[in-house]
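Below is one structure, written out as C-alpha cells, with a few remarks after it.
Every number for a ligand or one of its atoms is a count from 1 in the order of the listing.
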Amino acid sequence: MEYNKQRTMLIVMLIIIMWSCCYSHAQLSSDFYKESCPSLFYVVRREVQRAVTRERRMAASLLRLFFHDCFVNLDGPGWSVKLGRRDSTTASFTTANSGVIPPPTSTLDNLINRFRAQGLSSRDMVALSGAHTIGQARCVTFRDRIYNESNNIELSFALSRQRSCSAASGSSDNNEATLDIHSPGRFDLNYYRQLLNHRGLLTSDQVLYSGGSTDSLVVSYSRSLNAFYRDFVRGMVKMGDIKPLTGSNGEIRNNCRRPN
Ligand code: HEM
C-alpha cells in the first residue's frame with residue numbers, strides 16, 4: 001500500500017512535467033498553471049492513481065521516458081516540478097539513436113561524457129542511474145554481460161539471469177529481468193548494494209562500481225537513502241532544465257506522438 005503511494009507520487013510528478021505544454025510563458029516554473037488550471041495536481045494525481053492500480057509498471061515506464069525525452073528533446077522522492085515545457089516540432093528516431101542516449105554497453109568514460117554533454121555531472125549520472133532500482137530490461141540489453149565472466153559479474157547472479165536469457169539471440173531476446181534483483185518494486189538503496197556485490201544487470205550499471213572514479217558515490221548511496229534521494233532529485237530537476245522549449249518556441253502537440 002505504502003509502496004503504491006510512493007509510486008503514485010513519483011508518477012504524478014513525472015506526468016505533470018510531461019503534460020506541461022498547454023500555455024506559453026517564457027520560463028518553466030512550479031506555479032505555471034496556478035491561474036489557468038488550479039486543479040492540475042489533483043486531476044493528474046487521481047488519473048495516475050488509476051493508471052498505477054491498473055498497471056504497476058507504469059512508474060518505471062514514465063521515469064525512463066522522462067530521461068529519454070529530456071536528453072533528446074523530445075513518496076518517491078518528491079520535488080517541486082517546473083512546469084511550462086512545450087513540445088518539439090520535430091521527432092526523429094535517428095536523432096534519438098544518434099549517440100545522445102548512452103547504450104547499455106557503455107564504458108564509464110562514455111557515460112560520464114554523454115551526461116556531461118547535457119550539462120550533468122558524474123554525481124548526477126550515478127544518482128540518476130539509481131532509477132534502475134525499479135523496472136526491467138530485455139535480454140538483448142544484458143546478454144553480453146551475463147555470458148562473459150570477465151565482466152565483473154557475480155557467478156550465481158549470472159547463472160540465474162541466464163535461465164531466461166539464452167546465449168544465442170532468438171526467442172528469449174525480449175524476455176525481461178528486473179534491473180534490481182533484490183527489491184525491484186521499491187525505490188530504495190538496493191540498486192547500489194547490488195552493484196557492490198557485482199550484481200548490476202547492465203554493463204552500464206556495473207561500470208559505476210568497477211574500480212573507477214564513481215566507486216565512492218556508489219558506496220555512499222548504498223549507505224544513505226537521504227544522500228541518494230537528495231542527489232536523485234537534484235539530477236531530475238537538472239534533467240528537466242535541459243534545453244526546455246518555452247514561450248513561443250516549440251508547439252503544443254495535438255497528438256503527443258507526433259509534431260502537428
Ligand atoms: C546511465 C545511462 C543509462 C543507460 C545506459 C540506461 C539503459 C537502460 C536500458 C537498456 C533499459 C532497458 C530497456 C529495454 O530493455 O528496453 C533501461 C530501463 C530503465 N531505465 Fe535506464 N538507462 C540509463 C539511465 C537512466 C536514467 C537517467 C533513468 C531515469 C532517471 C532511467 C530509467 C530507467 C527505468 C525506470 C527503466 C525501466 C523501464 C521499464 O521497466 O519499463 N535510466 N535503461
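- Counting heavy-atom neighbours within 6.0 Å of His198 NE2, excluding the residue itself, gives a total above 12.
- Legend: residues meeting side-chain hydrogen bond (donor to acceptor under 3.5 Å, both in side chains) with Gln162, ordered by chain and number and at least two apart, are absent.
- In this view, Tyr192 and Tyr221, Phe228 satisfy the ring pair (Phe, Tyr, Trp, His ring centres under 6.0 Å) rule, not counting sequence neighbours.
- Counting only heavy atoms of the protein, atom 15 (O) of ligand 1 lies nearest to Arg138 N, 2.7 Å.
- Between Phe142 and ligand 1 there is no heavy-atom distance shorter than 4.0 Å.
- The backbone N or O of Met125 lies less than 3.5 Å from a partner atom in the side chain of Ser129, making a donor-acceptor pair.
- Of the polar atoms of Ser106, none of the N or O atoms is found under 3.5 Å from an N or O of ligand 1, judged by distance alone.
- Side-chain contact between Thr203 and Asp144: absent, with no pair of heavy atoms (C-beta onward) separated by less than 4.5 Å.
- Contacts between Thr141 and ligand 1 below 4.0 angstrom, taking non-hydrogen atoms only, involve the side chain exclusively.
- The stretch residues 180-225 participates, sequence neighbours left out, in no disulfide (SG to SG under 2.5 Å) pair at all.
- Salt-bridge annotation for Glu176 and Arg57: present, with a side-chain N of the basic residue lying under 4.0 Å from a carboxylate O of the acidic one.
- Taking every heavy atom of Pro103 and a limit of under 4.0 angstrom, the matching atoms of ligand 1 come to 5 (C).
- On a distance-only criterion, Arg57 and ligand 1 share at least one N/O pair closer than 3.5 Å.
- Protein heavy atom in closest approach to atom 35 (C) of ligand 1: Ala60 O, 3.2 Å.
- Interface of Phe115 with ligand 1, defined as ligand atoms under 4.0 Å from a residue heavy atom, comprises 1 (C), 2 (C).
- Ligand 1 has no atom lying under 4.0 Å from any heavy atom of Ala59.
- Around atom 21 (Fe) of ligand 1, protein N, O or S atoms at less than 2.8 Å number 1.
- A salt bridge between Arg123 and Asp231 is present, with a side-chain N of the basic residue lying under 4.0 Å from a carboxylate O of the acidic one.
- Near Leu111, the atoms of ligand 1 lying under 4.0 angstrom from a non-hydrogen atom of the residue are 1 (C), 2 (C).
- Salt-bridge formation is not detected for the pair Asp241/Lys238: no Lys NZ or Arg NE/NH1/NH2 atom is positioned less than 4.0 Å from an Asp or Glu carboxylate oxygen.
- Between Asp180 and Ile134 there is no side-chain heavy-atom pair separated by less than 4.5 Å.
- Two residues are said to be in side-chain contact when any heavy atoms from C-beta on lie closer than 4.5 Å; Val140 and Ser169 fail this criterion.
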